[in-house]
Amino acid sequence: RCRRSTMLRKRFRLDSALSKGGWKEKREEGRLEALVFGDEEELVEKFGARDSDSGEDKIETKKPAWIDEDDEKEKVEIVKKKRLRKLRVAAEEREVDGATYSARLRKQFERVAGTPAWAELKTQRAISDDEDDDDSLLRQSGKLLASKSDCLSPGVIDIRQMKHGNQAKPANAVIQALEFHPTNRVLLVGGFHKTIDLFQIDGKDNPHVQGIHFDRFPIYSAHFTPDGRQVVATSRRREFYVYDLLAGKATRIPGIRGRNERSFENFVISPDNKYLAFLGDDGYVLLLSNKVR
């Protein structure tokens, strides 16, 4: 019995020693976890913040690369040099601060070349992707023109510089009349040089087709008839002319009977080619038949 009680006491001491050693190991393990990961509250805050950041893009607050705080202290005269005068908002404006000068230069650059990709913030690119095509086209100030090798995509305008329409025979006077033929690519040009010139528009050479000269009759207005066979020309005179393109003959109309207007320079032709309407005096619109002269 005494031997049995002695063995029980030794076993109790051994169990207690083992339990104390395990507690020390757990305490040491907890200390290392806290040292590496922090305590439980810090760990929750850290992973919670990481989850919230991964859900949505952060809004960047960094400034664009071209903003300089010292610009506000500078003064720039925009009147002396011709190339800077186009930056004026008002005619009497002579001097602007550096910040305003930089903003207007940037706006002028974006009109021509568009906004560089490196100067755009991520948030701006993210917003533009989410908007509709029409809204993004209206909001952007960037480049809308496609290069010659690019394929046209929605929201892009292709503009090419063409040769002058009357380059084959430039007018040496003020041009008053300009109109395309209703069915063919023929351009009518008339003015104070008393001549109506017709040009075949091909976008390359635009050759001169025909010239119609009217003696002492500076052209104020000229229109093709809707069928494209005739040209009606008026001046600051009582008479006007009707030129037949097929016959190559000009018919002079001496005036409108019963009217005392000094000129019939303003007129239009009806779409069905039946009537000519002239602007008369005292608020009258004079209507003439195009079939009977």
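In this text the structure is predicted, and so the values were computed from the model without any measurement. Keep in mind that the numbers below use all heavy atoms, side chains included, and drop hydrogens, waters and symmetry copies. Numbering of residues begins at 1 and proceeds along the displayed sequence.
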Can you measure from [atom1] ([X]) to [atom2] ([Y]) and round to the nearest 0.5 angstrom?
X: Lys204; Y: Lys163; atom1: NZ; atom2: NZ; result: 11.5 Å
X: His208; Y: Gln200; atom1: NE2; atom2: CD; result: 12.0 Å
X: Arg252; Y: Glu239; atom1: CZ; atom2: CD; result: 4.5 Å
X: Lys75; Y: Arg94; atom1: NZ; atom2: CZ; result: 14.5 Å
X: Gln230; Y: Thr251; atom1: CD; atom2: OG1; result: 8.0 Å
X: Leu187; Y: Phe199; atom1: CG; atom2: CZ; result: 7.5 Å

Are [X] and [Y] connected in the hydrophobic side-chain network, where two residues link if heavy atoms are under 4.5 Å apart?
X: Val242; Y: Leu276; result: yes
X: Ile269; Y: Phe278; result: yes
X: Phe180; Y: Val189; result: yes
X: Leu245; Y: Phe217; result: yes
X: Ile256; Y: Val232; result: yes

Taking [X] for its side chain and [Y] for its backbone only, find out whether a donor-acceptor pair lies under 3.5 Å.
X: Asp205; Y: Pro207; result: no
X: His181; Y: Thr183; result: yes
X: Asn184; Y: Val186; result: no

### Message
Determine whether Val231 and Ile196 satisfy the following criterion, side-chain contact (heavy atoms from CB on, under 4.5 Å), listing intermediate values before the conclusion.
### Response
CA-CA 9 Å; Val231 174; Ile196 291 178; 4.0 Å; yes
### Query
Aromatic rings Tyr241 and Phe214: how do their planes relate, parallel, tilted or perpendicular, breaks at 30° and 60°?
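Aromatic pair Tyr241/Phe214 classed tilted.
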### Residue list, side chain to side chain contact (heavy atoms under 4.5 Å, CB included) with Phe192, at least two apart or on another chain
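Side chain to side chain contact (heavy atoms under 4.5 Å, CB included) list for Phe192, sorted by chain: Ala173, Val174, Gln176, Pro218, Tyr220.
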### Task
With sequence neighbours left out, write down each residue that passes side chain to side chain contact (heavy atoms under 4.5 Å, CB included) with Asp281, or none if nothing qualifies.
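Partners of Asp281 by the side chain to side chain contact (heavy atoms under 4.5 Å, CB included) criterion, ordered by chain and then number, come out as Glu261.
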Closest approach of [X] and [Y], non-hydrogen atoms and distance?
X: Glu179; Y: Phe224; result: OE2-N, 2.7 Å
X: Gly165; Y: Asn206; result: O-CB, 3.6 Å
X: Pro226; Y: Ser270; result: CG-O, 3.3 Å
X: Glu93; Y: Val96; result: OE2-CG1, 3.2 Å
X: Ala233; Y: Ile219; result: CB-CD1, 4.2 Å
X: Ile175; Y: Ala171; result: CG1-CB, 4.0 Å

### Task
Walk me through it: do Phe267 and Leu288 pass the test side-chain contact (heavy atoms from CB on, under 4.5 Å)?
CA-CA 11 Å; Phe267 77 101; Leu288 278 69; over 6 Å; no
### Query
Is any side-chain heavy atom of Leu188 less than 4.5 Å from a side-chain heavy atom of Leu178?
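No, side chains not in contact.
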### Query
How about Arg216: does its CZ atom have over 12 heavy atoms from other parts shown lying under 6.0 Å from it?
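No, the 6.0 Å shell around CZ holds no more than 12 heavy atoms from other groups.
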